[in-house]
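Keep in mind that this is a model prediction, so the values were computed, not measured.
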Amino acid sequence: MVATPNFKEYFGKDVPILSGAIHYYRVHPKYWHDRLSKLVACGFNTVETYVPWNFHEPKEGQFNFDGFGDLPGFIDVADKLGLKVIIRPGPYICAEWEFGGFPGWLNQDRNMRLRCAWPPYLEKVRNWFSVLIPKLVPYLCTKGGPVIAVQVENEYGSFGSDKEYLAYLRDLLIELGVDCLLFTSDGPTIQMLTGGTLPDLWMTANFGSAPEKSFDVLRQFQPSGPDMCCEFWCGWFDHWGEEHHTRDASDVADVLERMVKNGASVNMYMFHGGTNFGFWNGANIDGNGQYQPTSTSYDYHALLSEAGDITPVYEACKAVLEKYFGPAPAIAVANTPKKAYGTVAMSQKCSLWGELGQPILSASPLTMEELGQELGYVLYRKTVELPPVPRDYLIEQDYTMELSITGLRDRAVVYVDGKKLGVLYRNNPKETIAIPLPQKDSFQLDILVENMGRVNYGPDLAYPCGISGSIRIGYNTLSGWEIYPLPLDTLPKFGAAAATSDAPMFYRGIFNVDVACDTFLDYKNFRKGIAFINGFNLGRYWEAGPARTLYIPAPLLIAGENELVIFETDGLSGPASVELITEHVWIK
């Protein structure tokens with residue numbers, strides 16, 4: 001028998017689920033109340049969130065449910081505002097999140113098989129759920145709490161069709177005490193709904209348009225309904241180098257109305273997107289095999305902007321919900337204050353070369369997973385000897401050195417004797433860099449590799465980061481490496497002496513705050529790297545766009561002096577200064 005939602009039991013009246021997606025881990029905890037209040041004020045009755053495994057278990061057996069990871073605290077705020085809650089615990093979530101929510105340490109087992117009934121994988125899932133689910137059980141509606149539904153896996157029909165695996169997850173949730181509504185969500189195609197559903201679970205569909213056609217396909221699998229669009233893609237996410245995605249408010253409102261006027265339930269994905277702080281953005285692989293890392297901003301052109309501001313899409317959707325369900329609760333909501341703190345001179349510099357510590361020695365390059373590292377960068381260093389023949393003879397023979405890398409994940413900045421020589425990128429696997437013939441008998445080769453986000457969707461999930469192949473000059477494979485893991489979870493101590501080498505470089509600036517307000521870091525003179533405010537990793541920046549700014553929530557600022565640190569890998573394009581301004585700058 002298929003489980004179905006009991007709307008009257010949930011809401012006290014026969015109304016559908018009117019939900020909006022807000023990911024607690026993409027929003028500063030001090031803003032949870034603000035964002036959830038705006039959800040209520042817009043006329044929604046439910047909030048939906050994924051649960052990212054890697055965020056909560058960054059190292060195997062080490063769990064974090066504090067700060068941005070305080071899921072019970074997020075549910076408490078929603079409950080106090082009268083919202084019901086939908087939880088999507090995965091273990092795979094996609095969400096344009098690093099590795100689709102899987103922890104990178106899963107790949108330490110080179111035989112790991114994800115998202116199937118492979119016993120070693122199922123054991124890891126059981127260990128994780130055995131910690132997570134007991135924290136959620138007290139919040140289930142069957143226990144008097146606000147959680148009305150829990151998803152089994154996520155869009156599994158877009159990946160596989162292992163019914164034994166889906167049944168295992170269903171049974172594991174039940175075994176651990178989940179006795180509320182269980183459901184699946186998949187794209188509205190015959191293949192996806194065939195692969196991703198179980199006959200005893202409520203089935204929902206995900207789409208951004210054509211609701212009539214999508215629900216028609218869903219009814220072939222679930223004739224009696226009720227219908228729900230579990231992800232109404234009201235906007236879209238941005239990859240680096242693309243144009244910022246937007247969508248007309250009237251178009252979003254039209255699709256929403258076509259669903260709710262016929263009694264369908266809906267979850268707006270996203271109601272509020274938030275930010276991929278730190279190294280948490282994911283990536284896609286397109287139809288041509290090209291790697292597409294997601295940007296730091298997860299604005300999504302959602303009903304609330306990345307900074308939580310009310311948008312025209314918000315107003316248009318609120319009008320639709322009030323037309324069919326009456327006035328929204330009278331809750332006072334407003335945009336958070338913004339402030340321009342002006343120019344910040346990044347006057348102190350510190351070279352990465354002086355902050356490396358002790359290396360790991362290896363005959364060949366090691367991947368991040370082999371190094372026990374989840375996120376960040378890895379530096380591969382080697383002293384390369386020239387052939388023991390006269391230099392004039394090398395010139396006469398037109399001796400060349402072409403550097404190539406196989407198995408690069410994802411981007412390598414190459415330095416010779418501390419000077420930047422060029423960049424290699426995983427989308428150009430056959431590209432090489434010519435190394436000029438040096439004046440001496442050897443040179444120091446440094447290759448700084450950045451994990452720009454593990455793939456979060458499709459069949460290309462389980463690939464290691466760093467360098468999984470070889471580094472060559474011509475036909476010769478280079479051996480004997482010094483390897484430095486660089487998770488950048490601690491920052492250098494800046495001394496009085498200024499660093500004199502080129503990139504990669506840490507820059508430090510101080511600015512004063514009288515009243516803490518939201519602001520945006522305009523990094524227009526910097527090319528590529530990451531930024532920290534008072535030790536908090538704001539995320540990646542890249543001159544490729546579409547944004548030229550990083551969002552800084554007010555709770556990250558303090559009264560008085562604030563420290564801004566930028567790690568730049570590619571070298572500056574202008575003065576070592578940034579601007580703190582009042583809005584996002586979109587350059588594409």
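Among all heavy-atom pairs drawn from Ala95 and Arg26, the shortest one is O-NH2, 2.7 Å. Taking all atoms of both residues into account, the shortest heavy-atom contact from Lys143 to Gly177 is NZ-O, 4.1 Å. The shortest heavy-atom contact between Cys517 and Ala554 is C-CB, 3.4 Å.
The aromatic rings of Phe567 and Tyr377 sit perpendicular, their planes meeting at an angle over 60°, well past the 30° parallel limit. Trp586 and His584 have tilted rings, their planes meeting at an angle from 30° to 60° on a 0 to 90° scale.
Residue pairs satisfying the side chain to side chain donor-acceptor pair (under 3.5 Å) criterion with at least one member in residues 261-273, sequence neighbours excluded, are listed as follows: Ser19-Asn267, Arg35-His272, Glu48-Asn267, Tyr269-Tyr298. The stretch residues 69-82 participates, sequence neighbours left out, in these side chain to side chain donor-acceptor pair (under 3.5 Å) pairs: Asp76-Tyr139. Among residue pairs with one or both ends in residues 535-548, those qualifying as side chain to side chain donor-acceptor pair (under 3.5 Å) are Asn281-Arg540, Glu450-Arg540, Asp522-Arg548, Tyr541-Glu568; sequence neighbours excluded. Residues in residues 292-308 take part in no salt bridge (charged side-chain N to carboxylate O under 4.0 Å, His left out) pair, two or more places apart or across chains.
A side-chain donor-acceptor contact under 3.5 Å links Tyr314 to the backbone of Lys38. Formation of a donor-acceptor pair under 3.5 Å by the Asn562 side chain with backbone atoms of Ile558 is found in this model. A donor-acceptor pair under 3.5 Å links the side-chain atoms of Asn45 to the main chain of Pro16, judged by distance alone. In this structure a side-chain-to-backbone donor-acceptor pair under 3.5 Å is missing from Trp53 to Pro58. The backbone N or O of Ile581 sits less than 3.5 Å from a side-chain atom of Thr519, completing a donor-acceptor pair. Judged by distance alone, with hydrogens and angles left aside, the side-chain atoms of Asn54 form a donor-acceptor pair with the main-chain N or O of Glu98 at under 3.5 Å. Without hydrogens or angle criteria, Thr311 side chain to Val313 main chain gives a donor-acceptor distance under 3.5 Å.
Salt bridge status for Glu153 with Arg170: absent, with no side-chain N to carboxylate O gap under 4.0 Å. Residues Arg88 and Glu231 are paired through a salt bridge, judged by an N-O separation under 4.0 Å between the basic side chain and the carboxylate. For Lys338 and Glu583, the salt-bridge test fails: no basic side-chain N is under 4.0 Å from an acidic carboxylate O.
In this structure, SG in Cys229 is found 12.0 Å from CD1 in Ile17, a value given to the nearest 0.5 Å. In this structure, the separation between CG on Leu550 and CZ on Phe520 is 10.0 Å, given to the nearest 0.5 Å. In this structure, the separation between CZ on Phe99 and CG on Asn456 is 10.5 Å, given to the nearest 0.5 Å. To the nearest 0.5 Å, atom CG of residue Leu18 and atom CZ of residue Phe325 are 4.5 Å apart. Remark: Leu182 CG to Ile174 CD1 distance equals 5.5 Å, nearest 0.5 Å. To the nearest 0.5 angstrom, Cys230 atom SG is 5.5 Å from Asn206 atom CG.
Annotation: Glu175, atom CD; neighbour count of heavy atoms from other residues, nucleotides and ligands within 6.0 Å is above 12. Environment of NZ in Lys59: crowded, with over 12 heavy atoms of neighbouring residues, nucleotides or ligands closer than 6.0 Å.
Between the side chains of His56 and Asn64, no donor-acceptor pair is found at a separation under 3.5 Å. Between the side chains of Tyr156 and Asp186, not a single donor N or O lies within less than 3.5 Å of an accepting N or O. Looking at Thr296 and Asn276, their side chains never bring a donor and an acceptor atom within 3.5 Å of each other. A donor and an acceptor atom, one from each side chain of Thr336 and Asp518, are located under 3.5 Å apart. Side chains of Glu96 and Tyr457: a donor-acceptor N/O pair is absent below 3.5 angstrom, by distance only. Of the N and O atoms on the side chains of Asn154 and Tyr50, at least one donor lies less than 3.5 Å from an acceptor on the other residue. Side chains of Gln151 and Thr184: a donor-acceptor N/O pair is absent below 3.5 angstrom, by distance only.
Close placement of the Tyr507 and Phe526 rings is indicated, their centers lying within 6.0 Å of each other. His33 and Tyr31 have their aromatic ring centers separated by at least 6.0 angstrom. Between Tyr92 and Phe159, the distance from one ring center to the other does not fall under 6.0 angstrom. Taking the ring centroids of Phe74 and Tyr25, they lie at or beyond the 6.0 Å cut-off. Ring centroids of Tyr24 and Phe68 are separated by 6.0 Å or more, keeping the two rings apart.
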Please lay out, stage by stage, how Val455 and Asn284 fare under the test side chain to side chain contact (heavy atoms under 4.5 Å, CB included). CA-CA 5 Å; Val455 173; Asn284 291 95; 5.9 Å; no

Verdict with reasoning, Ile148 to Cys180, per side chain to side chain contact (heavy atoms under 4.5 Å, CB included): CA-CA 6 Å; Ile148 59 175; Cys180 66; over 6 Å; no

Determine, stepwise, if the pair Glu579 / Val344 fulfils side chain to side chain contact (heavy atoms under 4.5 Å, CB included). CA-CA 6 Å; Glu579 298 285 334; Val344 180; over 6 Å; no

Quick one: do Asn335 and Ile310 satisfy side chain to side chain contact (heavy atoms under 4.5 Å, CB included)? Show the steps, please. CA-CA 7 Å; Asn335 295 340; Ile310 292 171; 3.9 Å; yes

How far apart are the C-alpha atoms of Asp179 and Thr142, what are their side-chain angles, what is the distance that settles it, and do they pass the side-chain hydrogen bond (donor to acceptor under 3.5 Å, both in side chains) test? CA-CA 7 Å; Asp179 55 0; Thr142 52; 2.4 Å; yes

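Scored by the ring pair (Phe, Tyr, Trp, His ring centres under 6.0 Å) test, Phe129 finds no partners at all (sequence neighbours excluded). Among residues two or more places apart in sequence or in another chain, the ring pair (Phe, Tyr, Trp, His ring centres under 6.0 Å) test is passed with Trp280 by Phe55, Trp97.
Each of Gln373, Arg454, Glu374, Met452 was checked for a side-chain contact (heavy atoms from CB on, under 4.5 Å) with Cys465, and the lone residue meeting it is Arg454. When Phe232, Trp233, Tyr300, Phe44 are each tested for a ring pair (Phe, Tyr, Trp, His ring centres under 6.0 Å) with Phe271, only one passes: Phe44.
For the pair Lys135 and Phe65, the cation-pi test (distance below 6.0 Å, angle within 45°) is passed.
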